[in-house]
Q: 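Attaching a single structure in structure tokens format; questions to follow.
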Amino acid sequence: MDNNDCRGPVAIGTTASNILIAGAPKQGKSTAVGTIVASLKSCPEADGIRIISIDTTKPHLDADETLASLCRELERREDLRNVGVDISGFPMIVAVVDEYSDLMDFGSRDFRRAVKEYVLRIAKEGPEVGMRLILSTRRPAQEMKALLEHFPTRMVFRVSDRKDSKMLLKSEAAFWELNGNGEMVLYDKGIISQCNITSFIQ
């Protein structure tokens, strides 16, 4: 990839789409998220990228409203495109949810349902209008079934349950074969390869 091409400055996978990062606690998910965000910020054309982080440590402050505002921007872009406006020059918006499970552990049933609906809409419709989602989770089998098809690129660290690995990779590799020292499996449109988080940091 050309370093000056910031339509997708993080070269992970073969498509410019959403990225799912999954794994048990303390396996490297937050390091991976931080590395991707740092790469985006250091891109030569970083001014054309808006990174919006959803604070999962204090979700009662802004999580649902931030996601709602992203969906309103998604609607605005869709409406403009539908009337013939060229939106290709609009800033790329990258929404970052580092530990989706924390949001699903918080608040009322209505809060969790709203968050799920917002995240699903951004994941499903966002890439068509210049919006991407980076999402990490420690409980993929419980939380990702409705979302998984919208994440063709997945970084999977060691998981605590083999059914998580089978759902994400169609293989138990992330349960049996990873040693927990930063190793991960990269899944890209059905093709899997094993690597280490240090290869993304160096």
Side-chain angles (χ1 to χ4, degrees), residues 1 5-13 15-23 28-81 85-107 110-140 143-144 146-155 200:
M1 178 178 293
D5 180 0
C6 284
R7 290 170 300 175
V10 182
I12 300 173
T15 57
S17 189
N18 307 312
I19 299 174
L20 171 65
I21 302 171
K29 297 191 303 296
S30 291
T31 299
V33 171
T35 301
I36 294 170
V37 170
S39 298
L40 291 168
K41 289 181 177 179
S42 64
C43 176
E45 300 298 331
D47 288 345
I49 303 172
R50 290 177 56 202
I51 299 173
I52 299 177
S53 295
I54 312 301
D55 188 351
T56 61
T57 63
K58 300 176 181 178
H60 57 288
L61 295 181
D62 68 355
D64 54 345
E65 178 53 37
T66 301
L67 289 165
S69 68
L70 287 168
C71 284
R72 288 193 292 270
E73 173 62 13
L74 186 154
E75 291 178 357
R76 184 180 77 90
R77 293 186 177 200
E78 289 180 332
D79 289 343
L80 289 172
R81 184 187 59 178
V85 175
D86 181 5
I87 64 170
S88 61
F90 283 30
M92 177 192 290
I93 295 176
V94 179
V96 181
V97 181
D98 188 4
E99 201 47 78
Y100 182 60
S101 301
D102 287 346
L103 294 181
M104 293 299 97
D105 287 342
F106 175 83
D110 288 343
F111 172 88
R112 295 194 299 271
R113 181 169 58 245
V115 166
K116 287 181 181 179
E117 290 174 355
Y118 293 144
V119 168
L120 176 59
R121 185 166 187 192
I122 294 166
K124 182 178 180 180
E125 303 175 28
E128 294 295 322
V129 291
M131 301 175 71
R132 305 285 187 270
L133 183 61
I134 300 171
L135 184 149
S136 76
T137 180
R138 64 179 178 269
R139 295 194 303 250
E143 299 160 351
M144 299 305 298
L147 293 168
L148 202 60
E149 66 179 290
H150 307 299
F151 288 87
T153 300
R154 306 164 198 165
M155 299 171 69
F200 289 87

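We count residues from 1, following the sequence as given.
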Q: Is any side-chain heavy atom of Asp105 closer than 4.5 Å to one of Arg139?
A: yes
Q: Run the side chain to side chain contact (heavy atoms under 4.5 Å, CB included) test on Ile36 and Ile21 for me, step by step, so that the C-alpha distance in whole Å, both residues' side-chain angles and the decisive distance to 0.1 Å come before the verdict.
A: CA-CA 11 Å; Ile36 294 170; Ile21 302 171; 4.0 Å; yes
Q: Kindly compute the distance separating CD1 (Ile49) from CZ (Arg132), expressed to the nearest 0.5 Å.
A: 10.5 Å
Q: Search all heavy atoms of Ala146 against all heavy atoms of Leu120 and return the closest pair with its distance.
A: O-CD1, 3.5 Å
Q: Kindly write out the residues that satisfy side chain to side chain donor-acceptor pair (under 3.5 Å) with Thr66, not counting sequence neighbours, or none if the list is empty.
A: none
Q: Check the surroundings of atom CD in Glu128: do more than 12 heavy atoms from other residues, nucleotides or ligands lie under 6.0 Å from it?
A: no
Q: Considering non-hydrogen atoms only, spot the tightest contact between Phe106 and Arg112 and give its length.
A: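 Result for this residue pair: O-CG, 3.4 Å.
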Q: Should Met144 and Leu135 count as side-chain neighbours, where that means a heavy-atom distance under 4.5 Å?
A: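 Answer yes - side chains close enough.
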Q: Any non-hydrogen side-chain atom of Leu148 less than 4.5 Å from a side-chain atom of Arg154?
A: yes
Q: Kindly indicate whether the side chain of Leu133, heavy atoms from C-beta on, has any atom under 4.5 Å from the side chain of His150.
A: no
Q: Residues two or more places apart in sequence or in another chain: which of them pass side-chain contact (heavy atoms from CB on, under 4.5 Å) with Glu73?
A: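 Partners of Glu73 under the side-chain contact (heavy atoms from CB on, under 4.5 Å) test: Arg76, Arg77, Ile93.
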Q: When rounded to the nearest 0.5 angstrom, what is the spacing between NZ in Lys29 and OG1 in Thr137?
A: 7.5 Å
Q: Do the side-chain N and O atoms of Thr56 and Glu99 include a donor-acceptor pair separated by under 3.5 angstrom?
A: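 No donor-acceptor contact under 3.5 Å links the two side chains.
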Q: In Å and rounded to the nearest 0.5 Å, what is the OH to CG distance from Tyr118 to Leu103?
A: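 One gets 13.0 Å once the value is rounded to the nearest 0.5 Å.
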Q: Identify the heavy atoms of Pro127 and Ile122 that sit nearest to each other, and give their distance.
A: CD-O, 3.7 Å
Q: Do Lys116 and Met104 come within less than 4.5 Å of each other through their side chains, counting heavy atoms only?
A: yes
Q: Could you tell me the separation between the CG atom of Leu70 and the CD atom of Glu65, rounded to the nearest 0.5 Å?
A: 9.5 Å
Q: How long is the straight-line distance from CD1 of Ile87 back to CG of Asp79, given to the nearest 0.5 Å?
A: 10.5 Å
Q: To the nearest 0.5 angstrom, please state how far the CZ atom of Arg50 sits from the CG atom of Leu40.
A: 14.0 Å
Q: Are the charged groups of Glu125 and Arg81 less than 4.0 angstrom apart, N to O?
A: no
Q: Quick check: do Phe90 and Leu80 have side-chain heavy atoms less than 4.5 Å from each other?
A: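 Yes - at least one pair of side-chain heavy atoms lies under 4.5 Å apart.
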Q: Does the Asn18 side chain pair with the main chain of Ala123, one donor and one acceptor, at a distance under 3.5 Å?
A: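 Answer holds: yes.
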Q: Would you indicate whether the side-chain heavy atoms of Arg138 and Asp102 approach each other to under 4.5 Å?
A: yes
